[in-house]
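Taking it in order: structure first as structure tokens, then the write-up.
Because only heavy atoms are used, hydrogens play no part in the values below, and waters and symmetry mates are left out as well, while side chains stay in. Note that the structure is a prediction, hence the values are computed from the model and not measured.
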Amino acid sequence: MTRPRTSAAAQPSRRRLLAVAAASLVAVLGASSCSASGDGAKEAAADKGSATRTVTDIAGEVEVPAEPKRIVSVDFYSPATLVDLGVKPVGVVEGFDSDDPDLRPKRYHDALKGTPTIGMYYELNIEAVAQQNPDLIFAETRFLRKGELKRLQGIAPVVQLDAAGVGAWKERTLMIGAAIGKSAEIEKQAAVFEKRADELKKKYADVLAENRIAVFAYGQDRTTWGTYPAGHFYVPVWDAVGAKFRPFTEGEHKGQEGAVSEWLSLEQIGKLDNADILLYAYGAKDFVDETLADNTVWKNLPAVKNGMVFRNIPASVVSSFAWGTESLDALDGVLAQIDAKARS
């Protein structure tokens with residue numbers, strides 16, 4: 001399926017994020033969530049004007065509540081991190097009611113099922129955001145339409161997020177933890193993720209070093225295809241284990257770092273001949289087994305002829321360290337298949 005385009009954005013360093021968190025004027029050891037209406041909304045309104053902390057997001061410093069109680073996420077990513085930190089947002093974008101295993105692990109669906117929605121991440125309902133009476137908002141600002149950021153800032157403090165570039169999702173996740181006063185907890189989750197990634201780097205060092213991968217998917221009408229480069233939000237665990245990606249060929253690159261390739265016709269699928277390993281999107285099995293089955297160019301690709309075509313992991317758009325660790329466990333299985341084939 002077609003994925004949203006991405007663009008590069010400057011990201012604060014991990015060191016800077018931790019420094020800001022450490023210098024916070026008020027230490028917060030926990031954050032709680034309230035119901036989406038009724039007493040929770042009244043309590044949140046009464047708490048506005050209470051103690052605050054200063055944290056750093058992609059736009060600079062922002063003053064946030066010391067103990068946010070009603071968080072609205074107008075982005076795709078922050079709800080998973082919040083759930084992992086024991087916080088339930090009172091508003092999320094549409095789609096979290098879906099239990100499609102290729103979108104997110106089921107536990108996030110279960111945790112957020114029934115949460116009020118505030119539109120799509122690229123088409124917000126600002127009035128629905130305001131109705132939740134939030135005291136803190138998380139937003140991926142590259143997807144906001146003109147004027148929406150200012151309107152959101154008129155409702156509650158907005159922590160601005162982005163995720164373009166290799167490892168940028170980690171900075172974003174640390175930022176979310178710092179914004180709600182849970183830096184210590186998110187750092188522990190980060191350490192577990194990094195340890196698991198290092199294990200896989202060592203375990204599959206040879207196959208990762210000797211092969212270039214292509215992670216690809218089909219367009220909406222199944223007559224086009226595209227690939228995801230390093231730094232795209234669809235391939236973070238491949239980045240984490242140090243996978244080498246095939247370079248874009250002429251006519252593929254959009255000129256944006258970390259952006260999916262141009263969507264090309266099936267007649268151009270021969271461009272994948274510079275990949276040693278082909279990984280198709282988890283939901284693209286029928287596309288490979290049926291649409292490409294009789295495509296002569298596809299059948300003559302080196303990776304296809306060598307049997308080096310594999311299904312990618314599900315829910316690959318990692319949105320938190322805990323999610324990422326689960327994805328690394330799934331990646332272990334895929335890499336085991338690749339390693340076994342490469343040795344045969």
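- Judged purely by atom type and a 3.5 angstrom limit, Asn125 has no side-chain atom pairing as donor or acceptor with the backbone of Gly119.
- Val166 and Ile58 are members of different hydrophobic clusters when ILVMFWY side chains are connected at heavy-atom separations under 4.5 Å.
- Using the six-membered ring where Trp is involved, His232 and Tyr228 have ring planes that are tilted, between 30° and 60° apart.
- Between Arg70 and Asp135 there is no salt bridge, since no side-chain N of the basic residue sits under 4.0 Å from a carboxylate O of the acidic one.
- Asn274 places no side-chain N or O within 3.5 Å of a backbone atom of Arg246 that could act as its donor or acceptor partner.
- The backbone N or O of Ala184 sits nowhere less than 3.5 Å from a side-chain atom of Glu187 that would complete a donor-acceptor pair.
- Heavy atoms of other residues, nucleotides or ligands lying less than 6.0 angstrom from NZ of Lys299 number more than 12.
- Between Arg145 and Glu148, at least one side-chain nitrogen of the basic residue sits less than 4.0 Å from a carboxylate oxygen of the acidic one, meeting the salt-bridge criterion.
- Taking the six-membered ring for Trp and thresholds of 30 and 60 degrees, Phe321 and Phe193 have ring planes inclined between 30 and 60 degrees apart.
- Scanning all heavy atoms of the two residues, the minimum distance from Pro89 to Ser73 falls at CB-OG, 4.2 Å.
- Taking the side chain as every heavy atom from C-beta outward, Val93 and Tyr122 never approach each other to under 4.5 Å.
- Of the possible donor and acceptor atoms, one in the side chain of Gln268 sits under 3.5 Å from a partner among the backbone N and O of Ser265.
- When each of Val64, Ile71, Val158 is checked for a side chain to side chain contact (heavy atoms under 4.5 Å, CB included) with Ile137, only Val158 meets the rule.
- Between the side chain of Lys271 and the backbone N or O of Leu264, no donor-acceptor pair lies under 3.5 Å.
- Looking at every heavy atom in both residues, Leu174 comes nearest to Ile186 through CD2-CG2, 3.9 Å.
- To the nearest 0.5 Å, the span separating CG on Leu152 from CG on Leu124 amounts to 6.5 Å.
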Check step by step if side-chain contact (heavy atoms from CB on, under 4.5 Å) holds for Val74 and Val129.
CA-CA 8 Å; Val74 302; Val129 174; 4.0 Å; yes
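- Stacking of Arg311 on the aromatic ring of Tyr280 is not recorded, the 6.0 Å distance cut-off and the 45° axial limit not both being met.
- Hydrophobic clustering (ILVMFWY, side-chain heavy atoms < 4.5 Å, transitive): Val192 and Ile176 are in distinct clusters.
- A 4.5 Å side-chain heavy-atom check between Gln189 and Glu194 finds every atom pair outside the cut-off.
- The shortest distance between side-chain heavy atoms of Lys203 and Asp332 falls below 4.5 Å.
- Between Asp198 and Lys202 no salt bridge is recorded (no basic side-chain N to carboxylate O distance below 4.0 Å).
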Lys88 and Val83: CA distance, side-chain angles, deciding distance, side-chain contact (heavy atoms from CB on, under 4.5 Å) verdict:
CA-CA 6 Å; Lys88 183 178 179 180; Val83 169; 5.8 Å; no
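- Looking only at distances, no side-chain donor or acceptor of Thr291 sits under 3.5 Å from a matching main-chain atom of Val288.
- Here the straight-line distance linking atom NZ of Lys341 with atom CD1 of Ile277 works out to 12.0 Å at 0.5 Å rounding.
- Nearest heavy-atom pair, Gly251 versus Glu262, reported as atom, atom and distance to 0.1 Å: O-CG, 3.5 Å.
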Give the intermediate values and the outcome of side-chain contact (heavy atoms from CB on, under 4.5 Å) for residues Trp238 and Phe245.
CA-CA 9 Å; Trp238 288 102; Phe245 288 76; 3.9 Å; yes
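- With hydrogens and angles left out, the side-chain atoms of Asp75 and Ser78 include a donor and acceptor closer than 3.5 Å.
- Taking 4.5 Å as the limit, some side-chain heavy atom of Ile269 sits within range of a side-chain heavy atom of Leu272.
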Do Val237 and Val241 pass the side-chain contact (heavy atoms from CB on, under 4.5 Å) test, and can you show the C-alpha distance, the side-chain angles, and the key distance before you say yes or no?
CA-CA 6 Å; Val237 291; Val241 298; 5.9 Å; no
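- Looking only at distances, a side-chain donor or acceptor of Asp239 sits under 3.5 Å from a matching main-chain atom of Gly231.
- Within the 4.5 Å cutoff, the side chain of Glu267 has no heavy atoms near those of the Val297 side chain.
- A distance of 8.5 Å separates CG in Leu112 from CG in Leu82, rounded to the nearest 0.5 Å.
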Go through the steps to decide whether Arg53 and Glu67 satisfy the test salt bridge (charged side-chain N to carboxylate O under 4.0 Å, His left out), and finish with yes or no.
CA-CA 9 Å; Arg53 293 178 296 112; Glu67 297 184 53; over 6 Å; no
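- Contact of the Leu208 side chain with the Lys244 side chain is not registered, since no non-hydrogen atoms from C-beta on lie closer than 4.5 Å.
- Under 3.5 Å, the side chains of Ser319 and Arg104 contain no donor-acceptor pair of N or O atoms.
- Separating the CD1 atom in Ile338 from the CG atom in Asn211 is a distance of 8.0 Å, to the nearest 0.5 Å.
- Here the closest heavy-atom approach between residue Ala130 and residue Ile155 is recorded as CB-CD1, 3.9 Å.
- Contact detail for Trp298 and Asn295: the closest heavy-atom pair is N-OD1, 2.9 Å.
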After noting the C-alpha distance and the side-chain angles of Arg196 and Glu199, does the key distance pass the salt bridge (charged side-chain N to carboxylate O under 4.0 Å, His left out) rule?
CA-CA 5 Å; Arg196 185 69 173 120; Glu199 290 172 355; 3.2 Å; yes
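- No single ILVMFWY cluster, assembled from side-chain heavy atoms under 4.5 Å apart, contains both Tyr282 and Leu103.
- Ring-plane geometry between His253 and Phe248 is classed as perpendicular, the angle between the planes exceeding 60 degrees on a 0 to 90 degree scale with a lower cut at 30.
- The closest side-chain heavy-atom distance from Thr115 to Val90 is not below 4.5 Å.
- Without hydrogens or angle criteria, Thr56 side chain to Glu61 main chain gives no donor-acceptor distance under 3.5 Å.
- Residues Leu136 and Leu149 share a single hydrophobic cluster, defined by chaining ILVMFWY side chains whose heavy atoms lie under 4.5 Å apart.
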Please determine whether salt bridge (charged side-chain N to carboxylate O under 4.0 Å, His left out) holds for the pair Glu127 and Arg151, giving the CA-CA distance in whole Å, both sets of side-chain angles, and the decisive distance to 0.1 Å.
CA-CA 10 Å; Glu127 289 72 23; Arg151 293 178 67 190; 3.0 Å; yes
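- Residue pairs that meet the ring pair (Phe, Tyr, Trp, His ring centres under 6.0 Å) test with at least one member in residues 85-111, sequence neighbours left out, are Tyr108-Trp323.
- From Ile118, atom CD1 reaches atom CD of Glu94 across 8.0 Å, with rounding to the nearest 0.5 Å.
- Atom CZ of residue Phe138 and atom CG of residue Leu161 lie 6.5 Å apart, to the nearest 0.5 angstrom.
- Ionic pairing of Glu326 and Arg107 is present here: one or more N-O contacts between side-chain nitrogen and carboxylate oxygen are shorter than 4.0 angstrom.
- Under the 3.5 Å distance criterion, the side-chain polar atoms of Asn306 are matched with a main-chain donor or acceptor of Pro302.
- Residues Leu278 and Ala303 come closest through the heavy atom pair CG-CB, 3.6 Å.
- Lys182 places a side-chain N or O within 3.5 Å of a backbone atom of Leu85 that can act as its donor or acceptor partner.
- By the 4.5 Å heavy-atom criterion applied to side chains, Thr173 and Tyr77 are not counted as neighbours.
- No more than 12 heavy atoms of other residues, nucleotides or ligands lie within 6.0 Å of CG in Asp294, so this atom counts as exposed by the packing criterion.
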